[in-house]
Amino acid sequence: MIENKLQQAVAAALKKLYSIEATPESVVLQTTKKEFTGDYTLVVFPYVKQARKSPEMVANELGAAVKEMVTEVCDFNVIKGFLNFSIADNYWVSFVGENRNNAHYGLKTPAADEKPIVVEYSSPNTNKPLHLGHIRNNLLGWSVSELLAANGANVKKVNLVNDRGIHICKSMLAWLRYGNGETPESSGMKGDHLVGKYYVEFDKHYKEEVKQLMSQGMEEDEAKKQAPLMVEAQHMLKRWEEGDKEVRDLWNKMNSWVYAGFDETYNRLGVSFDKVYYESNTYLLGKELVQKGLDMGVLFRKEDGSVWCDLTGDGLDQKLLLRKDGTSVYMTQDLGTALLRTQDFDAKQLIYVVGNEQDYHFKVLKLVLGKLGFDWGEKLYHLSYGMVELPNGKMKSREGTVVDADDLISEMEATAEEMSREHGKNDGMSEQQLKELYHMLALGALKYFILKVDPAKNMLFNPAESIDFNGNTGPFIQYTHARIRSIVRKAEEQGIHDQEPVSVPSLNEKERAVIKCLHDMPGVVASAAENYSPAMVANYAYDLAKSFNSFYQDTPILREEDVAVKTFRVQLCAVVAQAIKNTMHILGIEVPERM
RNA sequence: GGCCCUGUAGCUCAGCUGGAUAGAGCGAGAGUCUUCUAAACUCUAGGUCCUGCGUUCGAGUCGCAGCAGGGUCACCA
């Protein structure tokens, strides 16, 4: 790596010239802005005080010294306190040659023998179908997993299905009351949508009951507790936890409908899991932990029987861990799954891809684990992401203002088909191939749209404007890949083999720009992983594609007459295509050979 | 009210550990197809980086205060 060489040389020069002790890692290099000549820039201001010389003088002396030490440095220039190094073209040329057949360019191979990083994502509730918010979660979870794997981690993807709790009882109860035995088969509805319908149904009738009670003079809070539907749902939860057969049978039946529906959506999104946990199997372990905490005296029971953890010493409140009727809450089961997961995998790290509305929850979870005497609470990392908002605010399942995942994917596919037909470039593809292409482009547009945004930030989705296919988008990058592959295929037909590296005397400006961008990929992937940010990879992929397109526009490749130059450019094309493919793979996006 | 997150062009977003004159896309305007795939390329217009104070050789980036938006503080998940 040329950057490392430069850093070492700068550090050595600092010591020799000014007796300044600096580690190579502490030397900050940046890529030179395009208005200036040079490839890498060192800002010398940090050293002028100790060197006791003017910035220009320091820069010139360092520049001369580094040029002596590093053969790849062919020139340098100084502007104020900025020292710009130029790297010789033959370095860039041989860099392309070295990677001309490297299918793993920019990626590290995962080390299977390392302790795994367990990434939990998706974690759906079984009472509502997936919507756009879940899509962000799934895409982030998948992509972060791929990103860590691309940096050599042994990653396990897990899902925790939220299949029990009061919310499930609500949809079961509503189905019993108002369902008339409706099934996915009888209604033709996807299972998760059918169950979701009854969750909404419950809410509707429940609200009516509350209204009724309030009109009889009851306070709202009281009415919400007293409403017969709510009382019955709570009773059902109790029966469920006691293992009541009738309740369990219904629960199994409705859940199986939901799972079939979820699987379909996961398949369309292209996400999967190494292991699926069910809350119904893990919450008991959580309850055991709570009991243990009581025995240890780190938790306490209130007069009404509910169990709490006192976190006032940590600046937080008291946290409920078991209800007064003994049933468990969200936190209870999360304690259980955390323990189970560290045992199952001997994990190095547990990553939870969960929305930022649960920041507080995870803060508490770590603290409670600590109180229970576990020292691995610090292994938990909450990958917190912002919500997807609509122009008029946040999505609310119960108010029907959600963008349904299945609908959205279908709409994207329809748009992809429409756009492809307009361009009319896909003659000769079979119906099946076309269908696959439309799906690939639809998902490329959707995934890139979601993943290019910094996870921490809320993002806006406007259903009135469909997701773009031009400009800074997934299809733009997919298109660039298809164009490049077309060139490489034609080159092969012409008998231009890319087996041997070729040497060319010099590069034009566009070539150099593309190669430098290409050269950045390993560093970008590494820092994206450190930041758990697929967005950094997405933005890089776009920069690379853009840089290539600009080169493509005004540099002949197959039209070039000099065979060595032509071959070199074809090799460059091949490496760029591979880099695009590899970055997009990290995002979970496939790239077509033609479109 | 306490705590957390966010605030950059008309809109949607980049801007990594502080570094040169703040960048893309969309939208607006003007060009480029006798095609290595125009889903592209080139150019123009567009900015009080929410405000103020501070730290420093240097602040969109760090600190403090304020303003605005969102989240959270549930016997919901």
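Keep in mind that this is a model prediction, so the values were computed, not measured. Computed over heavy atoms, backbone and side chain alike; hydrogens, waters and symmetry mates excluded. Order of the sequence lines sets the chain letters (A, B, ...), proteins ahead of strands, with each chain counted from 1.
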I'd like to know if the side chain of [X] and the backbone of [Y] have a donor-acceptor N/O pair within less than 3.5 Å.
X        : Y        : value
A/Asp163 : A/Glu279 : yes
A/Thr555 : A/Tyr552 : no
A/Asn84  : A/Thr41  : no
A/His481 : A/Pro592 : yes
A/Asp310 : A/Thr312 : yes

Can you tell me if the side-chain N/O atoms of [X] get under 4.0 Å from OP1 or OP2 in [N]?
X        : N      : value
A/Arg323 : B/rA74 : no
A/Arg483 : B/rA38 : yes
A/Ser550 : B/rU42 : yes
A/Ser486 : B/rC36 : no

Without decimals, in angstroms, what is the distance between [X] [atom1] and [N] [atom2]?
X        : N      : atom1 : atom2 : answer
A/Leu390 : B/rG70 : CG    : P     : 14 Å
A/Met57  : B/rC57 : CE    : C1'   : 17 Å
A/Arg485 : B/rC36 : CZ    : C1'   : 14 Å
A/Lys319 : B/rA77 : NZ    : C1'   : 10 Å
A/Lys457 : B/rG71 : NZ    : P     : 18 Å
A/His481 : B/rA40 : NE2   : P     : 17 Å
A/Lys170 : B/rC76 : NZ    : C1'   : 7 Å
A/Asp454 : B/rG7  : CG    : P     : 9 Å

Is there a donor in the side chain of A/Asn549 and an acceptor in the side chain of A/Thr480, or the other way round, less than 3.5 Å apart?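 Yes, A/Thr480 and A/Asn549 have a side-chain donor paired with an acceptor closer than 3.5 Å.
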Can a donor-acceptor pair be found between the side chains of A/Asn138 and A/Ser122 at a distance below 3.5 Å?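 Yes.
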Looking at [N], which nucleotide sits across from it as a Watson-Crick or G-U wobble partner, both distances under 3.5 angstrom, or is there none?
N      : result
B/rU37 : none
B/rG29 : B/rC43
B/rU21 : none
B/rG63 : B/rC53
B/rC3  : B/rG71

Remember a base hit wins even if backbone is also touched, and classify [X] as base, sugar-phosphate or nothing at under 4.0 Å, heavy atoms.
X        : value
A/Ala528 : nothing
A/Val453 : sugar-phosphate
A/Lys324 : base
A/Phe82  : base
A/Leu441 : base
A/Pro55  : nothing
A/Thr327 : nothing
A/Asp554 : nothing
A/Leu460 : sugar-phosphate
A/Ser54  : nothing
A/Met595 : base
A/Thr480 : nothing
A/His423 : base

Heavy atoms only: give me the nearest A/Gly38-A/Ser86 pair and the separation to one decimal.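 That would be CA-OG, 3.5 Å.
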Determine the minimum heavy-atom distance between A/Ile168 and A/Asn162, stating which atoms define it.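 Scanning both residues completely, I find the closest heavy atoms to be CD1-O, 3.9 Å.
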Whole-angstrom distance between [N] and [M], as gauged at atom [atom1]:
N      : M      : atom1 : answer
B/rC50 : B/rG69 : C1'   : 11 Å
B/rG63 : B/rU55 : P     : 15 Å
B/rC36 : B/rC41 : C1'   : 15 Å
B/rC33 : B/rG52 : P     : 49 Å
B/rG23 : B/rA45 : P     : 14 Å
B/rG15 : B/rC76 : C1'   : 39 Å
B/rA24 : B/rA65 : P     : 36 Å
B/rA9  : B/rC49 : C1'   : 10 Å

Could you measure the distance from the NZ atom of A/Lys302 to the CD atom of A/Gln318? Nearest 0.5 Å is fine.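 Output value for this atom pair is 4.5 Å.
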Parallel, tilted or perpendicular, judged at 30° and 60°: which one describes the rings of A/Trp240 and A/Tyr283?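 Answer is tilted, since the angle falls between 30° and 60°.
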Can you classify the ring geometry of A/Phe82 versus A/Phe45 as parallel (below 30°), tilted (30 to 60°) or perpendicular (above 60°)?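 Rings of A/Phe82 and A/Phe45: perpendicular, over 60°.
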A/Asn84 (side chain) and B/rA20 (base): donor-acceptor pair under 3.5 Å: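 Looking at the base of B/rA20, it does pair with a donor or acceptor on the side chain of A/Asn84 (distance under 3.5 Å).
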Using the rule given for ring-ring contact (aromatic ring centres under 6.0 Å, His included), can you reason through A/Phe551 versus A/Phe548, listing the C-alpha separation, both sets of side-chain angles and the distance that settles it, and then say yes or no? CA-CA 5 Å; A/Phe551 155 74; A/Phe548 179 85; 5.6 Å; yes
Would you jot down, in residue-number order, the residues of residues 356-364 of chain A having a non-hydrogen atom under 4.0 Å from RNA chain B?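 Correct list: A/Asn356, A/Glu357, A/Gln358, A/Asp359, A/Tyr360, A/Lys363.
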Can A/Tyr552 be said to stack with the base of B/rA40, given centres closer than 5.5 angstrom and planes under 30 degrees apart?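 Not stacked by the 5.5 Å and 30° rule.
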Would you indicate which nucleotide in [options] comes nearest to any side-chain atom of [X]?
X        : options                : value
A/Ile487 : B/rC36, B/rA77, B/rG15 : B/rC36
A/Asn125 : B/rC57, B/rA77, B/rC36 : B/rA77
A/Thr41  : B/rA20, B/rC13, B/rU37 : B/rA20

RNA chain B: A/Phe461 or A/Tyr479, which has the more 5' nearest nucleotide?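 Between the two, 5'-proximity favours A/Phe461.
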Glycosidic conformation of B/rC13, syn or anti, with 90° from 0 as the boundary?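 For B/rC13, whose glycosidic angle is more than 90° from 0, the conformation is anti.
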Quick tally for nucleotides 22-34 of chain B: nucleotides whose base has a protein heavy atom under 4.0 Å get B, sugar-phosphate-only ones S, the rest -, giving --SSS--------
Kindly confirm or rule out a cation-pi arrangement of A/Arg136 over A/Tyr385, judged by NZ or CZ under 6.0 Å from the six-membered ring centre and within 45° of its axis?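 No, a cation-pi geometry is absent between A/Arg136 and A/Tyr385.
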